[in-house]
Number of protein chains: 2
Amino acid sequence: MDAKSVDPGLCGIGEAASRAGVSERALRYYQELGLLTPCARTPGGMRRYSEADLARVARIRELQSLLGLNLDEIAVVLRSDDRMSEIKAAFHDTGTGADERSALVSESLELQEHLVQVVRAKKSALEDFLSDLEARIARIKELAGK
Amino acid sequence: MDAKSVDPGLCGIGEAASRAGVSERALRYYQELGLLTPCARTPGGMRRYSEADLARVARIRELQSLLGLNLDEIAVVLRSDDRMSEIKAAFHDTGTGADERSALVSESLELQEHLVQVVRAKKSALEDFLSDLEARIARIKELAGK
DNA sequence: TCGCACCTTGACGTCAACGTCAGACAAGGC
DNA sequence: GCCTTGTCTGACGTTGACGTCAAGGTGCGA
């Protein structure tokens with residue numbers, strides 16, 4: 001092991017925060033809630049974040065701002081995601097029982113499809129809102145004369 | 001005035017709250033922030049809400065949940081709405097100067113068009129999110145075998 | 001090995017958007 | 001007039017999502 005002990009592609013909490021556009025406190029808070037555990041620590045105990053970790057932060061922010069979910073609800077979604085990649089990783093593993101596995105898959109599927117319903121509802125509500133807004137604008141322009 | 005002194009179509013804060021799907025406290029709070037002043041009070045000082053008031057509450061909730069605006073931002077939007085109806089009402093009134101009026105109109109127009117930009121951005125972000133979600137689901141279904 | 005920037009874990013503070021409670025007044029049927 | 005139910009105005013409490021310190025450890029170039 002003559003390579004640097006610090007893996008390349010991993011960064012500290014400061015850079016992670018600025019690259020993800022959140023505060024360091026937010027990252028520690030997400031960890032507190034079990035939303036995001038940095039992929040590694042240095043021997044001295046300092047957090048190291050990977051690209052995947054940063055992507056996860058982006059997902060969290062998206063679920064927050066786009067769907068208006070709170071962090072507890074986001075935890076549910078993320079945990080389901082994690083189960084899925086777990087299953088995908090161990091897909092050919094005979095260790096996990098087939099029925100148990102399919103139960104997890106269908107559970108996850110259900111959650112994702114529920115999420116789709118939520119997003120679709122939000123989207124159509126947004127479209128209604130948008131056409132209403134445009135009607136308003138048309139009336140204002142009309143009022144503005146010519 | 002032999003009619004009941006309480007106008008029909010107006011309701012107290014309790015009914016207003018339950019019909020609007022919010023708490024009484026929320027209605028009082030919106031009033032505190034200048035978002036929604038009930039159209040009338042009884043001689044004894046009790047709030048009376050009209051249908052228009054209830055529609056305004058619905059608008060507030062829409063701006064909150066759909067666009068994720070906070071109540072201060074919502075206040076700006078609503079105030080602009082109010083200015084517009086004011087202007088529409090006094091459109092043929094010679095009292096308001098033409099230049100002042102057109103200034104208000106274009107100011108309001110600007111705000112509404114900014115809002116449209118926000119909504120469009122949100123909508124397209126939501127569409128991206130949705131197609132991502134559907135791709136996920138497809139993969140899960142594939143994984144689920146047949 | 002020193003220095004300094006970066007990081008650690010508590011622990012308390014903050015802000016928005018209400019929730020909740022107390023004590024008193026209002027409305028309307030009997 | 002009385003009683004019940006609804007509502008009033010403060011005023012303090014709560015919750016989520018962090019912000020902000022304090023007191024100390026870590027990493028690493030000079």
Side-chain angles (χ1 to χ4, degrees), chain A residues 2-8 10-49 53 56-78, chain B residues 3-8 10-49 53 56-57 59-78:
Chain A
D2 53 11
K4 299 180 101 174
S5 62
V6 176
D7 298 55
L10 297 189
C11 61
I13 197 172
E15 193 184 335
S18 81
R19 286 183 55 189
V22 303
S23 66
E24 304 181 9
R25 180 64 173 98
L27 291 181
R28 295 197 188 96
Y29 184 56
Y30 295 161
Q31 183 177 356
E32 232 176 281
L33 299 189
L35 290 183
L36 168 69
T37 306
C39 68
R41 294 251 189 175
T42 65
M46 297 170 68
R47 295 171 179 80
R48 288 317 43 208
Y49 292 87
D53 290 337
R56 198 177 172 90
V57 177
R59 188 107 204 282
I60 292 173
R61 302 300 282 187
E62 216 174 14
L63 291 166
Q64 263 191 316
S65 64
L66 231 56
L67 299 195
L69 302 186
N70 64 36
L71 295 183
D72 284 5
E73 294 165 334
I74 292 176
V76 173
V77 175
L78 290 184
Chain B
K4 297 179 102 174
S5 61
V6 175
D7 298 55
L10 299 188
C11 60
I13 197 173
E15 193 184 336
S18 80
R19 284 182 56 188
V22 304
S23 67
E24 303 181 9
R25 180 65 174 95
L27 291 180
R28 294 198 189 95
Y29 184 56
Y30 295 160
Q31 183 177 356
E32 231 178 283
L33 299 188
L35 290 183
L36 168 70
T37 307
C39 69
R41 293 251 188 175
T42 67
M46 297 169 67
R47 295 170 179 81
R48 306 271 92 181
Y49 292 88
D53 291 335
R56 198 178 173 89
V57 178
R59 188 105 202 285
I60 293 173
R61 303 300 281 188
E62 215 173 17
L63 290 166
Q64 263 190 315
S65 65
L66 232 57
L67 300 194
L69 303 185
N70 64 37
L71 295 182
D72 284 4
E73 295 164 333
I74 292 175
V76 173
V77 174
L78 290 184

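Lettering follows sequence order; numbering is per chain, from 1. Just the heavy atoms: all of them, side chains too, but no hydrogens, waters or symmetry mates, feed the values below.
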Throw together a table of side-chain donor-acceptor distances under 3.5 angstrom for residues 67-77 of chain B, partners on residues two or more places apart or in other chains.
residue: Asn70(B); atom: OD1; partner: Asp72(B); partner atom: N; Å: 3.0
residue: Asn70(B); atom: OD1; partner: Glu73(B); partner atom: N; Å: 2.8
residue: Glu73(B); atom: OE1; partner: Asn70(B); partner atom: N; Å: 2.9

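For dC18(C), neither phosphate oxygen OP1 nor OP2 lies less than 4.0 angstrom from any side-chain nitrogen or oxygen of Ser23(B). At dC7(C), none of the side-chain N or O atoms of Thr42(A) fall inside 4.0 Å of OP1 or OP2 (strictly under the cut-off).
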Detail all sub-3.5 Å separations between protein N/O atoms and N/O atoms belonging to nucleotides 3-7 of chain D.
residue: dT7(D); atom: OP1; partner: Ile13(B); partner atom: N; Å: 3.3
residue: dT7(D); atom: OP1; partner: Gly14(B); partner atom: N; Å: 3.1
residue: dT7(D); atom: OP2; partner: Gly14(B); partner atom: N; Å: 3.3

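In this structure, the side-chain hydrogen bond (donor to acceptor under 3.5 Å, both in side chains) partners of Gln64(B), at least two apart in sequence or on a different chain, are Arg61(B). In this structure, the side-chain contact (heavy atoms from CB on, under 4.5 Å) partners of Ala40(A), at least two apart in sequence or on a different chain, are Leu10(A), Arg48(A). Partners of Arg47(B) by salt bridge (charged side-chain N to carboxylate O under 4.0 Å, His left out), not counting sequence neighbours: none found.
When side chains are defined from C-beta on, Tyr49(A) does not count as touching Val57(A), because their heavy atoms never get closer than 4.5 Å.
Distance check, rounded to the nearest 0.5 Å: CD1 of Ile60(A) to CG of Leu35(A) gives 5.0 Å.
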How does each nucleotide of nucleotides 10-15 of chain C score, in 5' to 3' order, for protein heavy atoms under 4.0 Å: base (B), sugar-phosphate only (S), or none (-)? ------

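The side chain of Tyr29(A) lies closest to dG16(D) when the candidates are dC18(C), dG16(D), dG19(C).
Rounded to an integer number of Å, the gap from Gln31(A) CD to dC7(C) C1' is 13 Å. The distance from atom CG of Leu27(A) to atom P of dC6(C) is 16 Å, rounded to the nearest whole Å. In this structure, the CG atom of Leu33(A) is 15 Å from the P atom of dT15(D), given to the nearest Å.
Screening residues 28-40 of chain B for salt bridge (charged side-chain N to carboxylate O under 4.0 Å, His left out) gives Glu24(B)-Arg28(B), Arg25(B)-Glu32(B) as the qualifying pairs, with residues at least two apart or on separate chains. Listed by first then second residue, pairs satisfying salt bridge (charged side-chain N to carboxylate O under 4.0 Å, His left out) with a partner in residues 33-43 of chain A number zero, not counting sequence neighbours. Contacts classified as side chain to side chain donor-acceptor pair (under 3.5 Å) and involving residues 10-23 of chain B (residues at least two apart or in different chains) are given here: Arg19(B)-Glu51(B).
Scanning all heavy atoms of the two residues, the minimum distance from Leu36(B) to Pro38(B) falls at O-CD, 3.7 Å.
For DNA chain C, the residues of residues 62-72 of chain B within the heavy-atom distance limit of 4.0 Å (strictly under) are Gln64(B), Asn70(B), Leu71(B), sorted by number.
Panel note: side chain Asp53(B), backbone Cys39(B); a donor-acceptor pair is recorded below 3.5 Å.
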